[in-house]
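Data first, discussion second: the structure below is written as structure tokens.
Quantities reported herein were computed from a predicted structural model and do not represent experimental measurements. If you read the sequence from its start, that first residue is 1, and numbering goes on from there.
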Amino acid sequence: SSDLDHEVVRAGLRRLLSIDKSINILGEAANGEDAIELVRLYKPHLALLDILMPKMNGIEATKRIKSEFKDVLVVMLTAFEDFNHIEKALAAGADGYLSKDIAAKELVSAIHKASLGERVFSKSVLSLLQRKFKSGDSEEDPNVITISKREQEILNQVALGKTSEEIADFLNISTRTVHSHRANIMEKLGIKNTAGLVRYAIFNAEDLKK
């Protein structure tokens with residue numbers, strides 16, 4: 001798509017989001033590199049990125065933003081609704097993944113929820129993740145896997161997007177212990193990376209419905 005297409009989409013988004021007076025738009029980026037520069041300049045609460053961006057794609061930009069500013073929330077708003085892109089975005093540290101055909105009201109609501117620390121996903125994205133997860137990445141029978149109370153507490157926090165350090169503070173245990181629990185959970189479930197753990201946690205977290 002051309003630069004003009006991107007500009008039209010950004011103009012529409014700006015108009016849509018500026019209706020909500022509690023959302024303050026600090027800047028707009030024409031490409032992934034500009035997005036990083038704007039985050040450095042304004043230190044926003046939340047950055048809304050597309051995956052398809054000139055110069056540097058949104059996934060790479062997310063990775064850079066998260067490594068430099070772990071408190072800046074990054075939500076993907078994209079036309080890509082395939083498992084590969086969703087997995088990569090989660091692995092890069094994205095706090096949400098929304099489809100571009102999301103309704104205006106839902107988009108504003110998702111931004112507010114993300115700002116409060118929730119992970120946000122479009123219904124279509126969630127159902128895709130769920131189908132993929134339920135088809136089973138692990139060869140073991142999930143019925144015979146047991147998750148301890150402490151492991152479940154950690155999964156609940158992972159689903160909320162908390163880092164190992166934040167989980168350690170919240171549960172009053174050491175970061176090393178959190179890492180150890182995470183490693184045990186991943187081994188039990190045959191999960192190979194953090195994105196897989198996040199995906200599992202989202203569908204197996206308790207008491208997270210607000």
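Atom NZ of Lys113 is separated from atom CD of Glu118 by 6.0 Å, given to the nearest 0.5 angstrom. One finds the CD1 atom of Ile154 at 11.5 Å from the CZ atom of Phe170 (value rounded to the nearest 0.5 Å). How far CG of Leu48 is from CD of Glu28: 11.0 Å, rounded to the nearest 0.5 Å. Here the NE2 atom belonging to His45 is positioned 8.5 Å from the CG atom belonging to Asp71, to the nearest 0.5 angstrom.
Remark: the backbone N or O of Thr177 is paired with a side-chain donor or acceptor of Ser174 at under 3.5 angstrom. In this structure a side-chain-to-backbone donor-acceptor pair under 3.5 Å is missing from Glu187 to Asn184. Without hydrogens or angle criteria, Asn31 side chain to Met53 main chain gives no donor-acceptor distance under 3.5 Å. Checking side-chain atoms of Lys66 against main-chain N and O of Val72 turns up a donor-acceptor pair under 3.5 Å. Listed for the Arg64 side chain is no donor-acceptor partner under 3.5 Å among the backbone atoms of Ile59. Checked by atom type and distance alone, the side chain of Ser109 never pairs as donor or acceptor with a backbone atom of Lys105 at under 3.5 Å.
Sorted by first then second residue, the salt bridge (Lys or Arg N to Asp or Glu O under 4.0 Å) pairs that include residues 164-185, not counting sequence neighbours, number zero.
Between Glu81 and Lys100 there is no salt bridge, since no side-chain N of the basic residue sits under 4.0 Å from a carboxylate O of the acidic one. With respect to the salt-bridge test (charged N to carboxylate O, under 4.0 angstrom), the residues Asp34 and Lys55 do not qualify. Salt bridge annotation for Lys149-Glu153: present, with a cationic side-chain nitrogen under 4.0 angstrom from a carboxylate oxygen.
Between Leu26 and Leu41, the closest side-chain pair of non-hydrogen atoms is not below 4.5 Å. At a threshold of 4.5 Å between non-hydrogen side-chain atoms, the residues Lys88 and Ile51 do not count as touching. Looking at heavy atoms from C-beta onward, Leu52 lies in side-chain contact with Phe80 at the 4.5 angstrom threshold. The side-chain heavy atoms of Leu90 and Phe121, taken from C-beta on, include a pair separated by under 4.5 Å.
A cation-pi arrangement is absent between Lys43 and Phe69, since the terminal nitrogen or guanidinium carbon is not both under 6.0 Å from the aromatic centre and inside a 45° cone about the axis.
Tracing side-chain contacts under 4.5 Å through hydrophobic residues (I, L, V, M, F, W, Y), one never reaches Leu38 starting from Leu73; they form parts of separate clusters.
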